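From a predicted model like this one, the values you see are computed outputs, not experimental measurements.
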Amino acid sequence: MSAEHGPARSTSAHSPVSTWGAVSLVAGREISTRIRSKAFVWTTVALLAGVVLGGFLLSVVGNQGPAAQQVGVTSDAQALGPQLEAAGSAVGTEIQVSEVSETEGRERLADGDLDALVVGTPGSFTVVVEEELGTTLTPVFTGLAQQAALSGAIADLGGDPSAVAQEIASAAPRVETLEPTEERDPAQIVTGMVGGILIFIALMTCGQLVAQGVVEEKTSRVVELLLATIRPWQLMAGKVLGIGAIGLIQLVVVVGGGVGTALALGLVDASSVDLGATAAWVLVWFVIGFVMYSLALAALAALVSRQEDVGSVITPVLTLMMIPYIIGISIGPWDPENPLVVWLSYVPFCSPLLMPIRIALGTVETWEILLAVGLSLALVPVLVWLAGKIYSNAVLRTGGRIRLKDALRAS
């Protein structure tokens, strides 16, 4: 029967190679071929450089922070110093006060070393600025002026104006919220986003390598030579194992570089993020996700014989990968308890892209992680059987695109 339309041939019915030997030979061939390729090396270098550079940028941005406002006060207005600092703290502005003479203060103001100079007395002061007071200091000095007016009235009544002014400056309303918003640790948010992005890139890249490799072997007819010695499912398993090992090595290098950069620069010193556990789970979920996606992609790629047709058959799987990724990156880091994020994180094919983000944010219990792992692993035997059946029945059939139902029905 012609290879154009006939079913898979059974020339490998009596394979002289053991099952593991056959799988390991194919996997070793994939590893040795791809690990030396320039594409693998440069992709790994680019990802590692991106993660390390991103860590340095975060360190620089984090160390800068909002600049403190430098305010000079003359000796006569020195009593306003504590009130200035308290008033600034109340409105979220750090103010550093230093005592200077009026002459020195004006010189430093002209040189840009001071943002404002206070002259006069606490009860009647003047703020000297180079051009304008600015929106940062205006509410602070407006409040002080109002306190000065109030202090005058208190003094007329025989009270202690300075004590009252200090209490007023540090006073704040008591606020009760019906639905308080949980504050997110910035380091957790960044870790979750980076983990989600890296695992998506790794799954997308390695999954497409599997699909392209299947079609390459069909196009070059190498698969016919290989299947003279080993069974179709062994060839598929070896290809998945080899490319998966390459992807895991690449991800370990990149994740290790990211963790090392974060620890070296102290990016997580003040954070509650468990960097080690998060990194480990990213690798675990990559392995689980890769097994599921690569089996589906290998089976679908076997339906076509030209590289130009690969995209049309694997698009549904890639779309399935994109949906949880977009949800995870756009919603997960900011609202990990969102019902959509939570429920999808248990769904196989979605778990590898959502659960690492929830783990990084510390909003998931251990039992939830194990449940998601269990559900995904429970699906793997079904995928192995289904993908093996499709691959075995389609990999030797060349020509036009084979319909999925025909590949499933063939014997």
Side-chain angles (χ1 to χ4, degrees), residues 7-10 12-13 15 19-20 22-27 29-30 202-219 222-224 226-227 230-248 285-307 309-321 324 347-353 373-398 401-411:
R9 291 174 293 185
S10 57
S12 57
S15 171
T19 297
W20 173 245
V23 172
S24 60
L25 281 174
V26 176
R29 171 176 170 268
E30 291 289 340
L203 288 176
M204 180 71 75
T205 303
C206 295
Q208 289 181 319
L209 282 178
V210 171
Q212 291 168 359
V214 170
V215 179
E216 283 174 4
E217 290 176 349
K218 285 191 67 172
T219 303
V222 171
V223 67
E224 297 182 9
L226 293 173
L227 292 183
I230 62 178
R231 294 179 173 86
W233 73 265
Q234 294 172 336
L235 176 59
M236 183 186 70
K239 182 174 291 294
V240 168
L241 181 61
I243 295 178
I246 290 294
L248 184 60
W285 279 112
F286 165 76
V287 173
I288 296 173
F290 175 77
V291 170
M292 292 191 294
Y293 279 109
S294 63
L295 287 172
L297 291 170
L300 293 176
L303 300 176
V304 297
S305 303
R306 300 187 308 164
Q307 289 291 349
D309 298 327
V310 175
S312 62
V313 293
I314 67 173
T315 294
V317 177
L318 298 184
T319 302
L320 179 61
M321 190 186 302
V347 178
F349 285 104
C350 295
S351 298
L353 293 156
V373 170
L375 292 173
S376 294
L377 292 181
L379 184 63
V380 170
V382 178
L383 290 173
V384 170
W385 173 82
L386 187 61
K389 183 177 181 65
I390 296 172
Y391 184 89
S392 298
N393 292 331
V395 72
L396 285 176
R397 299 171 67 179
T398 58
R401 175 177 172 177
I402 304 167
R403 291 186 298 179
L404 183 60
K405 65 178 183 179
D406 292 338
L408 287 170
R409 189 168 50 217
S411 59

How about [X] and [Y]: do any of their side-chain heavy atoms sit closer than 4.5 Å?
X: L295; Y: M236; value: yes
X: V214; Y: Y391; value: yes
X: V373; Y: W285; value: yes

When rounded to the nearest 0.5 angstrom, what is the spacing between [atom1] in [X] and [atom2] in [Y]?
X: W385; Y: I390; atom1: CH2; atom2: CD1; answer: 8.5 Å
X: T205; Y: I246; atom1: OG1; atom2: CD1; answer: 13.0 Å
X: Q208; Y: S294; atom1: CD; atom2: OG; answer: 13.0 Å
X: L203; Y: F290; atom1: CG; atom2: CZ; answer: 8.5 Å
X: Y293; Y: L383; atom1: OH; atom2: CG; answer: 11.0 Å
X: I288; Y: L379; atom1: CD1; atom2: CG; answer: 11.5 Å

- request: Would you list the pairs meeting side-chain hydrogen bond (donor to acceptor under 3.5 Å, both in side chains) in which at least one residue belongs to residues 298-307, sequence neighbours left out?
  value: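 Sorted pair list: R306-D309.
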Between [X] and [Y], what is the shortest heavy-atom contact and its length?
X: I402; Y: A302; value: CD1-O, 4.4 Å
X: P324; Y: F349; value: CG-O, 4.2 Å
X: A378; Y: P381; value: O-CD, 3.4 Å
X: V215; Y: A301; value: CG2-O, 3.5 Å
X: S312; Y: R401; value: OG-NH1, 3.7 Å
X: C206; Y: G247; value: SG-CA, 3.4 Å

